[in-house]
Amino acid sequence: MDIFSYFTSEKISFEDDEFEDAGAGTALSLIADAFEELSDLIKKGNKKDASFELDLKPFCEACSLISVLFGSLGIAFKFAEMEYTSKVNDLSDAASLYGTLSKVIDCDVKTDTVTSAESLTRKLRRVRQGLDLIRELFQNFLATDDYSLKEAASSAYKQVCAPYHTWAVRTAVSAGMCALPTRDQLLMSLNETDESAENEMRRYIKASLPVIKYIDNLYTSRGITLDW
């Protein structure tokens, strides 16, 4: 796949209300709701049983909502959006067969295919990075009103994803950062005000941490490192 082709298309408009879901809440509020539910499941499950297993179905349903955010960031994150969405879909398709996240990893451990290019364990790892990328971006975005979206996104990408991407991907993403919307354009596309966006972003930041930590523990508890 030629990643540089994503940055030669026409400029994307950020003025449409394509992300509004009337009667159900904004994209950010739906994402925050979904991850608070996942976080609660994990916390309650761990209290009842140390061997609690999170089901793939609700996990994938929550993760699928994140695609909207990648889409709102324009062509700079087009590659990330496509890659992330594809991996979430693959995990969702596997839900009926495996049932839980832990069983996905156990199966790949058994067949020694954990880090194989098409393994579900690798795809889960990349989805986890996508969740962490959005969390880091939100934290940067809220750090100061003077922090541009380009600065917030660039810093988040360098922190979370760049260490695992090839030079070609890193270069293309860096070039695409110039096409990111402004803070106001992003808020408009997500149908949020400064105040409402801050509230929903903070909800996601808080709720996503237990989910990310849960996934990391699935790897480390099986002797799988997180440096890939």
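In this chain, residues are counted from 1 in sequence order.
- For the salt bridge (Lys or Arg N to Asp or Glu O under 4.0 Å) test, residues two or more places apart in sequence or in another chain that qualify with Glu118 are Lys123.
- How far CG of Leu187 is from OG of Ser72: 10.0 Å, rounded to the nearest 0.5 Å.
- Under the side chain to side chain donor-acceptor pair (under 3.5 Å) criterion, Thr121 pairs with Asp108, sequence neighbours left out.
- Between the CG atom of Leu218 and the CG atom of Leu54 there is a distance of 8.5 Å, given to the nearest 0.5 Å.
- Between Ser92 and Cys60, the shortest heavy-atom distance links the atoms N-SG, 3.5 Å.
- A continuous path of Ile, Leu, Val, Met, Phe, Trp and Tyr side chains, each step under 4.5 Å between heavy atoms, connects Met177 with Tyr84, placing both in one hydrophobic cluster.
- Remark: side-chain polar atoms of Arg183 are not paired, donor with acceptor, to backbone N or O of Leu149 under 3.5 angstrom.
- Residues Ile66 and Val88 are not in side-chain contact: their nearest non-hydrogen atoms beyond the backbone lie 4.5 Å or more apart.
- Residues Val68 and Ala27 share a closest heavy-atom pair of CG1-CB, 3.8 Å.
- Judged by distance alone, with hydrogens and angles left aside, the side-chain atoms of Ser155 form no donor-acceptor pair with the main-chain N or O of Ala152 at under 3.5 Å.
- Applying the ring pair (Phe, Tyr, Trp, His ring centres under 6.0 Å) definition to pairs two or more places apart or across chains, none involves residues 102-127.
- Within the structure, ring pair (Phe, Tyr, Trp, His ring centres under 6.0 Å) contacts touching residues 172-228 (residues at least two apart or in different chains) are Phe35-Tyr204, Phe138-Tyr204.
- Summarising the geometry of Ser39 relative to Ala207, their closest heavy-atom pair is CB-O, 3.5 Å, with the distance given to 0.1 Å.
- Within the structure, the ring pair (Phe, Tyr, Trp, His ring centres under 6.0 Å) test picks out no pair touching residues 95-137 (sequence neighbours left out).
- Residues that satisfy the salt bridge (Lys or Arg N to Asp or Glu O under 4.0 Å) test with Glu192, not counting sequence neighbours, are absent from this structure.
- To the nearest 0.5 Å, atom CZ of residue Arg170 and atom NZ of residue Lys158 are 11.0 Å apart.
- Leu69 CG to Leu28 CG: the interatomic distance, rounded to the nearest 0.5 Å, is 5.5 Å.
- Within the 4.5 Å cutoff, the side chain of Thr85 has heavy atoms near those of the Ser67 side chain.
- Proximity of a side-chain donor or acceptor of Thr193 to a complementary backbone N or O of Ser196 within less than 3.5 Å is detected.
- When the salt bridge (Lys or Arg N to Asp or Glu O under 4.0 Å) test is applied to Glu198, the partners found at least two apart in sequence or on another chain are Arg202.
- Follow the hydrophobic side-chain contacts under 4.5 Å out from Tyr164 and you never reach Phe70; the two are in separate clusters.
- The salt bridge (Lys or Arg N to Asp or Glu O under 4.0 Å) search around Lys43 returns none, not counting sequence neighbours.
- Nearest heavy-atom pair, Phe52 versus Leu41, reported as atom, atom and distance to 0.1 Å: CZ-O, 3.5 Å.
- With sequence neighbours left out, the side chain to side chain donor-acceptor pair (under 3.5 Å) criterion links Lys57 to Glu61.
- Considering only residues two or more places apart in sequence or on other chains, Tyr157 meets the side chain to side chain donor-acceptor pair (under 3.5 Å) condition with His165.
- Annotation: salt bridge (charged side-chain N to carboxylate O under 4.0 Å, His left out) contacts involving residues 212-228, sequence neighbours excluded, comprise Asp106-Arg222, Arg125-Asp216, Arg128-Asp216.
- By the side chain to side chain donor-acceptor pair (under 3.5 Å) test, Arg203 is found to be paired with Asp33, Glu36, Glu200, residues two or more places apart in sequence or in another chain being considered.
- Note that SG of Cys63 and CD1 of Ile134 are 11.5 Å apart. Values are rounded to the nearest 0.5 Å.
- Residues Asn46 and Ile42 meet the side-chain proximity criterion, which asks for heavy atoms closer than 4.5 Å.
- Here the shortest heavy-atom pairing between Pro181 and Gln185 reads CA-OE1, 3.3 Å.
- A distance of 13.5 Å separates OG1 in Thr182 from NZ in Lys150, rounded to the nearest 0.5 Å.
- In the model, Thr113 has no side-chain atom that pairs as donor or acceptor with a side-chain atom of Ser119 under 3.5 Å.
- Across all non-hydrogen atoms, the minimal contact from Leu91 to Leu124 is CD1-CA, 3.9 Å.
- Within the 3.5 Å criterion, the main-chain N or O of Leu186 finds a donor-acceptor partner in the side chain of Ser189.
- With hydrophobic clusters built from ILVMFWY side chains whose heavy atoms lie under 4.5 angstrom apart, Leu209 does not share a cluster with Val127.
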